[in-house]
Amino acid sequence: MSLIVTGSIGIDTIHAPTGSAVEVPGGSCAYFATAAAIQAPVRIVAAVGGDWPEAHRALLTSVPGLCTLGLEHRPASRTFAWGGRYLPDMNARETLFTELGVLGEPGPRVPDAYRDSRFVFLANSHPTEQARLLDHFPDRAIAIVDTMDLWINIAHGELLGLLRRVDGVVLNDSEATQLTECRNAVSAGRAILGMGPRFAIIKKGEHGCLLIHADGVAALPAFPMEAERVIDPTGAGDSFAGGLMGHLARVGRTDLAAIREGLVRGTVTASFTIESFSLERLRQVRPAEFETRLTEFRRMAEVA
Ligand code: AMP
């Protein structure tokens, strides 16, 4: 079942208590696609500028199952660039800079061969651009959108318009509060359902995630990890979504039970991402190792 992601490909600079990584591969689309590819083939639609390093290209194109037909190269433009700094406990971060580059330009062209995509993930990008891209997938079985504080602030109306057209939304707890003005995550989720989607997934960092679905509610812990193993949480949210959608596309389902299993797999996927800076650890995950950690997580999350 064809899975597609549209979003940012970025050059990231990260400062964390564990060290710094300067101008490394990042972006919502890159994390999502690398994560999803562990379970299912994935197509990407994104743009990069003339400054996109060859090493970043080599890395992304070497991910098995990741199709880059929809990757647009714009020699006269600049690649999206983002910098962030983590606070000592690694749970909170501040954005140091956001250089939109190609994300501030008209969006990338969607190859005709991608129009039959059924599982659509609109990773973080401008909501107007996310809406335009959605139009290209008339046969979709499900569309999920991710968003963040920047877009809630500067493109609120456009975001509300987009929410009326998608099946699900993924966002973190502070963003859910910002969007709905509800402090309680369950209330925020219900308020989001009132805006259009049939489910909302609210991520709570090391405290796991909450699913508010028209057919039920589910809560899941994060994969428990010692502090020494957490090197860089960047991309955890996008990888989580990649693990979720990779599962849905693999089994060809969109019902509540499939989404619940997708959340388990998304959680396990994200646990690999945070073990290194950038995509280093994530891109090395092998299916057998993924299954082993999945079994370990199921044991830990089991309730009597
Ligand atoms: P996450 O840690 O899951 O929130 O995702 C971090 C990734 O999102 C980084 O690799 C950034 O390059 C990318 N990113 C940060 N801000 C934005 C934005 N405003 N739009 C799109 N992508 C972004």
Side-chain angles (χ1 to χ4, degrees), residues 5-16 21-36 44-49 52 56 59-60 78-87 90-105 107-108 121-130 133 144-155 158-159 162 170-176 178 201-206 209 222 230-245 266-267 269-280 282-283:
V5 55
T6 74
S8 63
I9 291 197
I11 301 177
D12 284 356
T13 294
I14 293 144
H15 301 288
V22 178
E23 298 183 356
V24 292
S28 54
C29 179
Y31 275 109
F32 179 99
T34 308
I44 65 171
V45 172
V48 291
W52 198 45
H56 292 204
L59 195 141
L60 204 65
R78 291 191 69 79
T79 304
F80 171 76
W82 175 83
R85 182 193 307 279
Y86 286 88
L87 305 183
M90 300 281 251
N91 273 325
R93 77 173 177 218
E94 53 175 344
T95 291
L96 298 176
F97 62 87
T98 300
E99 291 165 14
L100 287 180
V102 289
L103 279 202
E105 301 172 6
F121 188 74
L122 304 168
N124 242 311
S125 193
H126 196 295
T128 305
E129 177 55 18
Q130 290 175 312
L133 287 161
I144 304 184
V145 65
D146 188 356
T147 195
M148 67 189 297
D149 50 359
L150 176 71
W151 310 119
I152 299 172
N153 281 331
I154 70 169
E158 293 93 323
L159 181 59
L162 177 65
V170 186
L171 73 186
N172 70 33
D173 46 1
S174 64
E175 291 155 357
Q178 191 186 349
I201 297 166
I202 300 183
K203 298 170 288 177
K204 295 149 72 88
E206 65 170 345
C209 68
V230 182
I231 304 298
D232 172 20
T234 307
D238 305 309
S239 312
F240 168 83
L244 159 68
M245 291 287 280
T267 300
T269 308
S271 76
F272 287 106
T273 301
I274 66 179
E275 287 182 328
S276 77
F277 282 103
S278 188
L279 299 163
E280 272 317 301
L282 186 62
R283 72 191 187 90

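In what follows, residues are counted from 1 in the order of the sequence shown. As the structure lists them, so they are numbered: ligands from 1, and atoms in each ligand from 1.
When Ala241, Gly235, Ser239, Pro25 are ranked by how near their heavy atoms come to atom 1 (P) of ligand 1, first place goes to Gly235. Counting heavy atoms only, Asp238 comes closest to atom 5 (O) of ligand 1 of the residues Asp146, Leu279, Asp238.
Using a 4.0 Å cut-off to heavy atoms of Gly237, the atoms of ligand 1 that qualify are 3 (O). Under a 4.0 Å criterion applied to the non-hydrogen atoms of Asn124, ligand 1 contributes the atoms 20 (N), 21 (C), 22 (N). Each of the atoms 10 (O) of ligand 1 lies under 4.0 Å from some heavy atom of Tyr31. Of all atoms in ligand 1, numbered sequentially from 1 with element shown, those under 4.0 Å from a heavy atom of Gly26 are 10 (O). In the vicinity of Met148, heavy-atom distances shorter than 4.0 Å reach the ligand 1 atoms 16 (N), 17 (C), 18 (C), 19 (N). The contact set between ligand 1 and Leu150, taken as ligand atoms under 4.0 Å from a residue heavy atom, comprises 19 (N). Each of the following atoms of ligand 1 lies closer than 4.0 Å to a heavy atom of Arg93: 1 (P), 2 (O), 4 (O).
The environment of CZ in Arg78 is sparse: at most 12 heavy-atom neighbours from other residues, nucleotides or ligands sit within 6.0 Å. Annotation: Glu23, atom CD; neighbour count of heavy atoms from other residues, nucleotides and ligands within 6.0 Å does not exceed 12.
Of the protein's non-hydrogen atoms, Trp82 CD1, 3.4 Å is the one closest to atom 15 (C) of ligand 1. For atom 22 (N) of ligand 1, the closest non-hydrogen atom on the protein side is Ser8 OG, 2.8 Å.
Minimum interatomic distance between Glu129 and Pro108 (heavy atoms only, all atoms of both residues): OE2-CD, 3.4 Å. Listed here is the closest heavy atom pair of Asn172 and Ser174: OD1-OG, 3.0 Å. Contact between Met90 and Asp232 at its shortest, heavy atoms only, is CE-N, 4.2 Å.
At a threshold of 4.5 Å between non-hydrogen side-chain atoms, the residues Thr98 and Leu103 do not count as touching.
No hydrogens or angles considered: nothing links the side chains of Thr269 and Ser239 as a donor-acceptor pair under 3.5 Å. Using a 3.5 Å distance cut-off with no hydrogens or angles, the side chains of Asp149 and Gln178 do not pair a donor with an acceptor.
Assignment of Phe80 to the shell around ligand 1 is supported, since a heavy atom sits closer than 4.0 Å.
Only the side chain of Asp12 comes within 4.0 Å of ligand 1, counting heavy atoms alone; its backbone N, CA, C and O stay farther away.
One finds the CG atom of Leu282 at 4.0 Å from the OG1 atom of Thr273 (value rounded to the nearest 0.5 Å).
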